[in-house]
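Just so you know, residue 1 is the first one in the sequence shown, and it goes up from there.
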Amino acid sequence: MDQYAVIMAGGAGLRLWPLSREQRPKQFISADGTGSMLQRTIERISELIPPDKCFVITNHNYADLTQEVLGNLIPRQNIILEPLRKNTGGCISYAALLLERRFRKGSVCFIPADSYVGNKQEYLKAIRLAFKECSSSTLTVIGVNPTYPAIGYGYINIDSDPSAGPRQISRVRQFKEKPDTETARAYVASGQYLWNSGIVAGSLQAFKSGIQQHMQEHFHILSEALDHLDSPSFHSLIEQAYSRLPDLSFDNGVLEHSSSLMAVKGDFDWDDIGSLEAFGRLTGCDSSGNAVRGSHIGMDTRDSVIISSDILIASIGVSDMMIIQTKDVILVCPKERAQDIKAFVEYLKHAGYGDFT
């Protein structure tokens, strides 16, 4: 059975502002200084899936940027364009139903473009296991063993039988949204929860069946448009279809309602780069607990994220802060308020500073 990969690269990346901008969001920038996150994702998965079977789905506004960043990594025709952002429910439904129309049979793995992965071989091993679980009815998610009580990640509650010993594949009981600190500690201590990596695999038929059963509106609206896939009017028809789609995540729409969902426990370093604090962690910390990228000198400065593009940042008596400098913006924010940055970007727009977003 043929295997395909679809890299999801259409998000705006607002939580990484000002490093990530609407015109060049986080999937198109480097997390570690070696290349964009989208490039790295394609390069990793293409060791398992041939490039001609790798696809990227992104917003139509990023068509030229995607081609520029990817170069010849995958065929140009393997870039799927969404006319609007309609969450992962729209993204996965459209790509899965499109591939099912094109190829009829096969298995596909959906992978976020904006994750950091530290152990490529274990990452690919987990995806291989997920593909092995593929059937006509079963979808498989990849979770990561939590290493600390993160409050910025979703969690997957899995079956855990201590008498059975460690298992790499388990049945999923429930998805949990981002918890508070106390709840996250309980999750990690129990050994029954994984971080949700956002990676999901299954046969094309399993995706089609799940969407048809649990996201009927998505299924019927997109199927009507895809009936005209080879028509000159398809572009306008898919745009009209997207305007009618509910804004819903695939987790909420399908996975949380699936009765036979499985989880592979991935044994690799992982971060979804969902905040500036997470971005800073990839740099590593100095003896004072500071994650520094660029020029910085500090006195009594500790446990902070400091990123400079082209000037010296000097700090005195600073702790648990984020100081981020780009060519046109300096952001100063307590680390505990990192999750508020997305809302702050909207505040900027309403205040008349949309050019900086």
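For the residue pair Q23 and N61, no side-chain donor N or O sits within less than 3.5 Å of a side-chain acceptor on the partner. Of the N and O atoms on the side chains of S233 and H228, not one donor lies less than 3.5 Å from an acceptor on the other residue. For Q39 and S36, the side-chain atoms include at least one donor-acceptor pair closer than 3.5 Å. Between the side chains of S243 and E239, no donor-acceptor pair of N or O atoms lies under 3.5 Å. Checked by atom type, the side-chain pair Q3/S107 shows no donor-acceptor distance below 3.5 Å. Judged purely by distance below 3.5 Å, without hydrogens or angles, the side chains of T301 and S315 pair a donor atom with an acceptor atom.
Other members of the hydrophobic cluster containing L312, listed by chain and number, are I297; membership follows side-chain contacts under 4.5 Å among ILVMFWY residues, whether direct or relayed.
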Applying ring-ring contact (aromatic ring centres under 6.0 Å, His included), run through F344 and W17 and close with a yes or a no.
CA-CA 9 Å; F344 181 72; W17 183 88; 5.7 Å; yes

Run D247 and K86 through salt bridge (charged side-chain N to carboxylate O under 4.0 Å, His left out) and show every step you take.
CA-CA 5 Å; D247 191 320; K86 286 299 177 83; over 6 Å; no

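Within a 6.0 Å sphere centred on CZ of R302, other residues, nucleotides and ligands contribute 12 heavy atoms or fewer.
Here the closest non-hydrogen pair linking Y153 and P179 is O-CD, 3.5 Å. Residues E277 and V305 come closest through the heavy atom pair CA-CG2, 4.2 Å.
No side-chain heavy atom of K176 sits under 4.5 Å from any side-chain heavy atom of I156.
With sequence neighbours left out, the salt bridge (Lys or Arg N to Asp or Glu O under 4.0 Å) criterion links D328 to R21.
Between W195 and Y187, the ring centre distance reaches or exceeds 6.0 Å. For F110 and F250, the ring centers are positioned 6.0 Å apart or more.
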